[in-house]
Amino acid sequence: MSAATRFTHAIVRAPARSVTDGLRAVDAGSPDADRLAADHASYVAALREAGATVVVLPALEDFPDSVFVEDAALCLPQGAVAMRPGAPSRLGEAAAMVPTLRDLYTRVEAVGEGHVEGGDILVTDREILVGLSARTDAAGVAALRAIVEPWGHSVRVLETPPEVLHFKTDCGLLDGETILATARLAATGCFDGYRLIEVVPGEEPCANCVRVNDVVLFPAGFPRTADRLREAGYALAELPNAQAALIDGGMSCLSLRFTPS
Ligand code: CIR
């Protein structure tokens, strides 16, 4: 199995009650905190079912979006990197993650300038793709590159389409060489050389899925793309995500997946 989809551990953070104040591009109503907590419990159960030991961190009421731990750090086999979120209300989430990273890794670094959010980073078996976005800038990517290239990773910088929050809002890794992506992201050519499966038009929010060992964690409610993936041989765990989706959160955002070295 691909190293980029094989994990022994995951970190999640319990959703805060303040998640109702989470950032969103379009206001279609606030999530219901109780229902989001129930969805989160299903997600954690699915991670465990997939074989991960899950570290569940306590809620941080001062950070409404802190349930989306993926944006606060990047976990690689060689070490962990605290991000520098571009959303001002989320900057403190990275510092809050550092003690946990230090418990789990001997090598912990931090992006010290510019901005990078983990949602803009897709790690494949051959490279680290980073999408520039409203949250991730060139200075942040340069700082990230200076940390991870000495660890043996190559970094490729891409443009996230302007209307898309994070690079991974529109894609997810299905195995080391295969990517699920929306047509609008695939059309940029950024996945040339990879095997590509396109999201069925009209089901764009399901692009953000995440492969964990033998299963793809996939948002419920996108049956045509789900069928397409099953026909391609992938096993799916379909999970409720309607509450997190109200504040632009998806499957990958809710965890950091890793295998400690
Ligand atoms: C935000 O706007 O930052 C959150 N409401 C959603 C973050 C989603 N994270 C991700 O895609 N990695």
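Counting convention: from 1, in listed order, for ligands and their atoms alike. One-based numbering along the sequence shown.
Of all protein heavy atoms, the one closest to atom 4 (C) of ligand 1 is Asp65 OD1, 3.2 Å. The shortest contact between atom 10 (C) of ligand 1 and any protein heavy atom is with Cys253 SG, 2.8 Å.
Atom-to-atom distance recorded for Glu70:CD and Cys253:SG is 5.5 Å, nearest 0.5 angstrom. Rounding to the nearest 0.5 Å gives a distance of 8.0 Å between CG of Leu101 and CZ of Phe258. Atom CG of Asp175 sits about 11.0 Å away from atom OH of Tyr194, to the nearest 0.5 Å. Here CD1 of Ile179 is found 6.0 Å from CG of Leu173. Values are rounded to the nearest 0.5 Å. Rounding to the nearest 0.5 Å gives a distance of 12.0 Å between CZ of Arg84 and OG1 of Thr136.
Contact annotation for Leu23 and ligand 1: heavy atoms of both the backbone and the side chain come within less than 4.0 Å of the ligand. With a heavy-atom cut-off of 4.0 Å, Arg90 touches ligand 1 through its side chain alone.
In the displayed structure, Glu49 atom CD is contacted under 6.0 Å by at most 12 heavy atoms of other residues, nucleotides or ligands.
Heavy-atom proximity to Gly119, at under 4.0 Å, picks out these atoms of ligand 1: 12 (N). Ligand-side atoms of ligand 1 in range of Asp71: 7 (C), 8 (C), 9 (N), 10 (C), 12 (N), range being under 4.0 angstrom from any heavy atom. Close contacts of ligand 1 with Ile247, meaning ligand atoms under 4.0 Å from a residue heavy atom, involve 4 (C), 5 (N), 6 (C). Which parts of ligand 1 touch Arg135 is read off a 4.0 Å heavy-atom cut-off, strictly below it: atoms 1 (C), 2 (O), 3 (O). Interface atoms of ligand 1 facing Glu70, defined by a heavy-atom separation under 4.0 Å, are 12 (N).
Of the candidates Asp170, Ile121, Asp248, the one placing a heavy atom closest to atom 8 (C) of ligand 1 is Asp248.
Taking any N or O of Ser252, backbone or side chain, none lies under 3.5 Å from an N or O belonging to ligand 1.
Asp120 and Arg135 are not joined by a salt bridge, as no carboxylate oxygen comes within less than 4.0 angstrom of a charged side-chain nitrogen.
Here the rule is side chain to side chain contact (heavy atoms under 4.5 Å, CB included) with Cys171, and of Asn208, Leu185, Thr182 only Leu185 fits it.
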